[in-house]
There are 2 protein chains.
Amino acid sequence: MNDRRTIFKTLRDLGIRLTPQRMLILDILREGNTHMGVEEVYAKARTAFPYIDIATVYRTLNLMKKIDVVTEVAMGERLHFELTNPDQKHHHMVCTSCGKAFNLAPEYLERFGEQIRSDLSFEPDIRNFTIKGKCSFCAEHLDEAG
Amino acid sequence: MNDRRTIFKTLRDLGIRLTPQRMLILDILREGNTHMGVEEVYAKARTAFPYIDIATVYRTLNLMKKIDVVTEVAMGERLHFELTNPDQKHHHMVCTSCGKAFNLAPEYLERFGEQIRSDLSFEPDIRNFTIKGKCSFCAEHLDEAG
DNA sequence: GTACATGCAAACGGTTTGCATATCT
DNA sequence: AGATATGCAAACCGTTTGCATGTAC
C-alpha cells in the first residue's frame with residue numbers, strides 16, 4: 001500500500017525524520033502516480049515550497065531508495081524514481097518517439113528470465129527492467145522517423 | 001565481417017578520412033574483440049600513440065557509431081562500444097558482482113519481443129539489450145553480498 | 001539539547017565543444 | 001589548396017558533497 005500513513009509509519013519505524021521536504025517529495029511521487037525525473041519532482045516541489053534545494057530532492061530520493069520506499073527506474077540518461085508498490089510490481093516500456101512510458105506486467109519477464117536461468121546458468125535481475133521501442137500510436141503515425 | 005579491409009573500405013566509401021587515430025581506435029576495438037569502455041580504449045591508444053586525446057576517442061567512437069561501424073552497448077553508467085558485427089549479433093548479460101559481461105544469443109530476445117509485440121502492440125527495440133544479474137560463478141560463491 | 005536535515009555553493013566526473021593548428025585527400 | 005581532424009583547454013550538466021545553520025525528536 002502506498003498511502004501516506006503507511007509510508008510515514010515506515011519512516012518513523014526506521015527512525016528517519018519526517019521533515020516537510022521529505023513529506024512533500026513523497027506526496028509528489030504519490031500523486032504523480034508514475035515514475036518522475038528529478039527535475040520534475042524538483043519543479044513541483046518548488047511550487048509548494050520555493051526554497052527547497054535540488055540537493056535535498058536528490059538526498060531524499062536516494063534515501064528513500066535505500067530503504068526501498070521508492071524504486072529507481074532506468075529511463076534513459078537521467079534518474080527516475082517512483083513509489084515502490086509491492087502490490088503492483090511492474091516494468092517499463094519507453095517509447096523513443098514520444099517519450100511516454102507504459103507499464104509491463106512482470107509475467108513477460110518471468111518467463112524470459114526463467115529461460116535464461118535454466119539455459120545459461122545466469123541469474124537475471126528482473127526486478128526493474130526497461131525496454132525501449134515504439135508505442136502503437138507512434139509506430140502508426142510515423143514511417144521512417146527517429 | 002570485421003576485418004580491417006572491410007571497415008576501412010566502408011569509411012572510404014562514405015568519404016570519411018582514415019586518420020592514424022581512427023585506425024588505431026578501430027584496431028583496438030577489433031583486437032579487444034569485445035565491448036570496451038572509453039577509458040579503456042583511451043588507455044590502450046595512448047600506449048601506441050601517447051599524444052592522442054580522449055576527445056578524439058569520443059569523437060571517433062561517436063562517429064563510428066553514427067555510421068554503424070561500432071555499436072554502443074549499455075553497460076551501466078558509462079559508455080561502452082564494440083565493433084558492429086552483422087554476422088554475430090548478440091546482447092549482453094552483465095554480472096553485477098564481478099562486472100564480467102556475457103553474450104546472449106538474440107533468439108531469447110526474439111521470442112520475448114514477439115510476445116510484447118503481439119500482446120501489447122508495443123514495438124520493442126531489441127537490437128541492443130543488456131540484462132543485469134549474477135553469473136553462475138558469483139551466484140555460487142557469495143550468499144548475500146551485493 | 002543533540003543528532004541530523006537543509007540550503008547554498010562548490011566540487012565531481014564523464015562527455016562535449018570552441019578554436020587554432022596540423023593533416024588527409 | 002581546401003575541407004576536415006586533432007590536441008588542448010574550457011565548458012557542460014546531472015549528481016554529489018562540505019559546511020554552517022536550522023529543525024525534528
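Treat the numbers as computed from the prediction; the structure is a model and nothing was measured. Throughout, a chain's letter reflects where its sequence line sits, starting with A, and its residues are numbered from 1.
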Check this one for me: any side-chain N or O of A/Gln21 less than 4.0 Å away from OP1 or OP2 of C/dG7? yes
Below 3.5 Å is the cut-off: list the nitrogen or oxygen pairs between protein and nucleotides 22-25 of chain D, distance only.
{"from": "D/dC25", "atom 1": "OP1", "to": "A/Leu18", "atom 2": "N", "distance (Å)": "3.1"}

B/Phe49 and B/Tyr51 aromatic ring geometry - parallel, tilted or perpendicular at 30°/60° bounds: perpendicular
Residue pairs passing the salt bridge (Lys or Arg N to Asp or Glu O under 4.0 Å) test where at least one lies in residues 38-57 of chain A, sequence neighbours excluded: none
Do we see a donor-acceptor contact under 3.5 Å between the side chains of A/Thr71 and A/Lys65? no
Measuring to OP1 and OP2 of C/dT15, would you say a side-chain N or O of B/Asn62 lies under 4.0 angstrom away? no
Under 4.0 Å: is that the gap between some side-chain N or O of A/Arg78 and OP1 or OP2 of D/dT15? no
Kindly give the heavy-atom pair with the smallest separation between A/Ile54 and A/Tyr42, and that separation in Å. N-CE1, 3.5 Å
For A/Thr6 and A/Asp3, test the side chains for any donor-to-acceptor distance below 3.5 angstrom and give the result as yes or no. yes
A/Glu72 CD to D/dT15 C1', straight-line distance once rounded to whole Å: 12 Å
For the residue pair B/Phe112 and A/Phe129, does the interplanar ring angle fall in the parallel (under 30°), tilted (30 to 60°) or perpendicular (over 60°) class? perpendicular
Counting the atoms with a prime plus P, OP1 and OP2 as sugar-phosphate, which does B/Phe49 contact under 4.0 Å by heavy atoms, base, sugar-phosphate, or nothing? sugar-phosphate
Using heavy atoms to find the nearest nucleotide of DNA chain C for B/Ile54 and A/Asp53 separately, return the residue whose nucleotide is more 5′. A/Asp53
Rounded to whole Å, how long is the line connecting atom NZ of B/Lys66 with atom C1' of C/dT15? 15 Å
Pick the closest DNA chain C nucleotide for A/Ala55 and for A/Arg22 by heavy atoms, then say which residue is nearer the 5' end. A/Arg22
Can you tell which of C/dT6, C/dT15, D/dG7 lies closest to the side chain of A/Arg59? C/dT6
Identify which nucleotide among D/dT6, D/dT15, D/dT17 has an atom closest to any side-chain atom of A/Tyr58, counting heavy atoms from C-beta outward. D/dT15
